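Here's the structure, in structure tokens; my notes come after.
What you see is a predicted model, and the numbers here were worked out from it, not measured in a lab. All values below were derived from every heavy atom in this structure, side-chain atoms included, with hydrogens, water molecules and symmetry-related copies excluded.
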Amino acid sequence: MFKTNGIFVQCVFGERKGASIFFYSRNNMASFKTNYLLVCFSFMVSTLSVKACVRTVEAAVPEELKAGYIISEVNLQHCLNNTHLELTTSDPDFAIQQDGLLYATHSTRIRSGERAFVIWLQDQQSQQKWKIDVALSVEHNMVKREVNLKRSKRRWRPLPFSIRENEFPPFPKEIQQVQSDSSQNYDIIYRIYGQGVNLPPIGLFSVVPETGMLKVHRAVDREQIAEYKFFAEARTKDGIKRDRDLDITVKVEDENDNRPEFTDVVVLSVPEHSEIGAIIGQVNATDRDEPGTLFTQMAYKIISSTDLFSIQSETGIMYTASTALDRETKDTYELTVEATDCKGQHYGLSNTGTVRIVLTDINDNPPTFKANKYEAKVEENQKDVLILRIPVEDKDLFNTSNWKAKFVIKKGNENGNFRIETDPVTNEGLLYVVKPFDYEKNKIVKLEVAAENEAELVGTKSTWATVPVDVNVINVDEGPEFETPNLFLRIKENEPNGTLIGIYKALDPETKSSDGIKYYKISDPASWIQVEKNTGKLLVAGNMDRESSFVTNGMYNITVNAVDQSSKTGTGTVEIYLEDENDNNPIITNKDFVICEHYGQLGYVKVEAEDKDAEPLSSPFVFSFPKDHDKNWKITNEKATSMHLEQATELPTGTYNVPVIIGDQQGKGEQQIVTVRICKCISGQCVASQTSAALGVWGILALLLAIALLLLLCILLTCFCGKKKEKVDLDNGAEAVLIKSNTEGPGEEVMAPNFKMSAQQTALEQESQFLQQSGGGLQDIRLSDFQNVNNVYGSQTLGSGMQNDPSSFLSATNSTFQTNYGQQFGSGIQHYADKNGTSIWRTNGLVIDQKLNGFVTEHNDRFAEDISHVYGFEGRGSFAGSVGCCSDLNDDSGIEFINTLGPKFRTLAQVCTKK
């Protein structure tokens, strides 16, 4: 257990702590107990009698007090608001903590045997204060003698002790003694380590190993290190540690060794002419001494000789003390402010700083004119010209809203002839004439101009200044002037040429006469008006049509120029309003319509009309039919300018011209034709119609004839192929074999241009070749079944062609093919009528022509008809079987590959395969 040179005791009464007293005990224990009881009893009586905050504290203390010595624990429970108390003492050698612990801050001596000071308590919220008087007396019965006491605690931890900063030599100085309880049984060697010992600042503290006395070796500065912490250990000479290490805290007692400091120049601002007591700002000085102590509590005062400003001592807040602060007289003040710590006491340290106070501007000075009156001149008939610059002066801050001028014309500008602006650079008023003057009407104009600011006036009784301005109008030789700048005339449209519609005269403004003035047109867009040169008469010179594009809302304007003898000119405008006449009929805007067929529904179209005339000569229109209309149509849903033309009955596909009569409100109108096309539609558009008809008896016969001709042509081609086969000379080494080829196009010797021949030329060449080979065998063919069929081919019939010559029949047939060549992919059946009205069908030529052209042009669908067809029974066939080109070939001719041909070649394979 560590101990000090005295005994620390504390009196406890129930739950209330009494005085804590430090005794230097040099007498026996009985004397110590007697003194202890007396002190505690005395303090108990004083404490138990307190019902409110204590007023006095009395304590007996040794004559010499070391730093950290506890004098008493003052009960502050009932003192103001004890959670927000500011505690200070009038004696800097003593201090009190928030919990009421009163102790000595420095080592001191009570020389006269008594010492008194005051404890001040201040509530930081309510600012209430309370004073506690403290009386210390020396207890002479205390005997200073060391006594060894046995303690129940293993270890004793003393309160932190302190040393003064800035101590004077000599060094080292003893500061405190530590001692372990183990020293009662062992010879202890003490050692310290830590901050200030073996850690920076190294060598500041040391300990006497044998006694445990701590020493300091040089002066310390609290502003550098306010507290030192290090450790002490107790060992015997053999190095065995006999107690746990004790942590020691050494506080550095602050001295008032730092003056208050001001940072740079403090700049504050306040508006000029402020009221007395207006807050300017706050100054603040800093102190490096310990915060919260008397050494850092400032008191401020202005040491400059001025009665314009004041400062609050405790806070440093500055106020205005006069209303005579005028920025235009002086805009900046520099004051010297002194700050003294220790609340300004005579023992406090002080320092000074500079405070610059800048006066901000207010608009307390209106603009003033430099002259009492201004004059200006302007020629008559001039406009948009600057005639005067008006300068002003303003004492307020340059280029601010308090300085910028705003000019207003108070009087004389009732007709709006003037405009006034402000020059942003010079702040002058710029007076313009925006409407010309007439010297004969106004020779002089008197104005009153006021100069204002953008900001309102404050802090002054002055008002905005005004100045008179006289504007003199200068006479000039003017040109003629029309009696009215705009002459309005109202006439009917379509007036005959030469009609007088008005007279437009001009006068000389000086003589008020029109003598010698000539008149000319400047603009006449449609050339409808003639202006007589000498009289100014206005005559109609063209057909004035109200519905013309030159007319806008019924108005047509021309411009006339008047020229006097001195070549001065004047200009006027003639506004002519054309009254409408009923000279236009209603016209249908769109006359072509389409109705899409819908089964069971009657369609309609919307017919719209317009009339260029104005009401009441135009709409609403009256729609009707002529008396002899066909009743197939009816008019419904009539509007002012439209109606629905609707089918009255279901009509077949076709184009219909429907007459409609449209009249205006006056009954004026005419018959118009509306074209309506009825058709089948896809997506609202008509599709191309297809010709269709029913087959009669003659149609069936014509169809059979065409089939017979087609079969005949196939037989002829087959025979031709067979005979060509027989002429092959086998002795020359040539064999008739099928050559498999991977190309489907013609050979190199057969060029495309060779096939660019008409279909009838190809047929004629094949027929001619066939006739030469067959030797006219076609004459043996029986055509009795067909001689009575009049099939018209130009001017020849089938019968006549066959009777004369078979070749002529083919020629006639091919001529017909040439005529119908372009219809090979059409409907396939064309209907014609002879003079007797007999229906004739012509299909054979078209089919053959289609096939021939297909082989020439190599259309993709040329094999589309090469499939098996079912026909009506026409008798038994030939007993000889097939007469195709392949019938003479043997089975081993090498044509087995035709069994695997595609579907387009299966018909050919069936023909060529031997049954």
Side-chain angles (χ1 to χ4, degrees), residues 10 13-20 43-44 46-59 68-106 115-136 159-160 162 226 251 253-254 256 260 277 279 281-301 310-319 339-350:
Q10 186 179 50
F13 313 105
E15 296 179 354
R16 188 184 301 269
K17 291 183 179 181
S20 299
F43 190 79
M44 177 185 68
S46 173
T47 304
L48 294 178
S49 63
V50 176
K51 296 183 179 179
C53 185
V54 296
R55 290 184 177 272
T56 60
V57 174
E58 296 179 356
Y69 179 84
I70 297 176
I71 299 171
S72 175
E73 185 175 1
V74 184
N75 184 8
L76 304 177
Q77 182 177 0
H78 303 287
C79 297
L80 304 177
N81 184 356
N82 58 6
T83 59
H84 298 89
L85 285 178
E86 181 181 357
L87 305 175
T88 58
T89 62
S90 61
D91 191 335
D93 289 334
F94 302 94
I96 185 170
Q97 296 182 355
Q98 290 290 333
D99 58 359
L101 186 64
L102 181 63
Y103 62 97
T105 58
H106 307 94
R115 194 163 180 176
F117 58 91
V118 176
I119 299 176
W120 290 102
L121 286 71
Q122 183 174 359
D123 191 336
Q124 296 179 357
Q125 293 181 345
S126 63
Q127 300 299 319
Q128 293 180 348
K129 288 187 176 181
W130 185 264
K131 183 179 73 169
I132 300 176
D133 295 320
V134 179
L136 301 180
L159 289 175
S162 60
K251 292 184 178 181
E253 299 176 11
D254 188 28
N256 193 13
I279 296 177
Q282 186 177 16
V283 296
N284 185 25
T286 59
D287 196 313
R288 296 181 61 200
D289 289 323
E290 186 174 1
T293 65
L294 191 63
F295 301 152
T296 57
Q297 296 181 6
M298 304 296 172
Y300 301 92
K301 66 178 179 179
S310 63
I311 189 170
Q312 189 176 19
S313 176
E314 295 83 3
T315 61
I317 298 176
M318 300 192 69
Y319 303 89
T340 305
D341 59 16
C342 295
K343 293 186 177 181
Q345 296 296 330
H346 61 89
Y347 50 81
L349 300 178
S350 63

Do the non-hydrogen side-chain atoms of [X] and [Y] ever get within less than 4.5 Å of each other?
X	Y	answer
Phe94	Leu136	yes
Val57	Ile132	yes
Gln97	Leu87	no
Leu76	Trp130	no
Asp91	Arg115	yes

From [X] atom [atom1] to [Y] atom [atom2], the distance as rounded to the nearest 0.5 Å:
X	Y	atom1	atom2	value
Ile71	Glu58	CD1	CD	13.5 Å
Tyr103	Thr89	OH	OG1	9.0 Å
Ile96	Glu73	CD1	CD	9.5 Å
Cys79	Arg55	SG	CZ	10.0 Å
Asp341	Thr286	CG	OG1	11.5 Å
Lys131	Thr56	NZ	OG1	11.0 Å

Quiz item: With no hydrogens and no angle check, do the side chains of Glu253 and Ser162 hold a donor and an acceptor under 3.5 Å apart?
Solution: yes
Quiz item: When you check the side-chain N and O atoms of Thr293 and Glu290, is any donor under 3.5 Å from an acceptor?
Solution: no
Quiz item: Under 3.5 Å, side chain of Tyr300 to main-chain N/O of Ala285, donor-acceptor pair present?
Solution: yes
Quiz item: Between the main-chain N or O of Ala95 and the side-chain N or O of Thr105, is there a donor-acceptor pair closer than 3.5 Å?
Solution: no
Exercise. State which residues pass side chain to side chain donor-acceptor pair (under 3.5 Å) with Asp287; sequence neighbours excluded, sorted by chain then number.
Key: none
Taking every non-hydrogen atom, the tightest pair across [X] and [Y]:
X	Y	value
Ile311	Lys301	CG2-CA, 3.8 Å
Gly292	Gln297	O-NE2, 4.2 Å
Val54	Val74	CG2-CG1, 3.6 Å

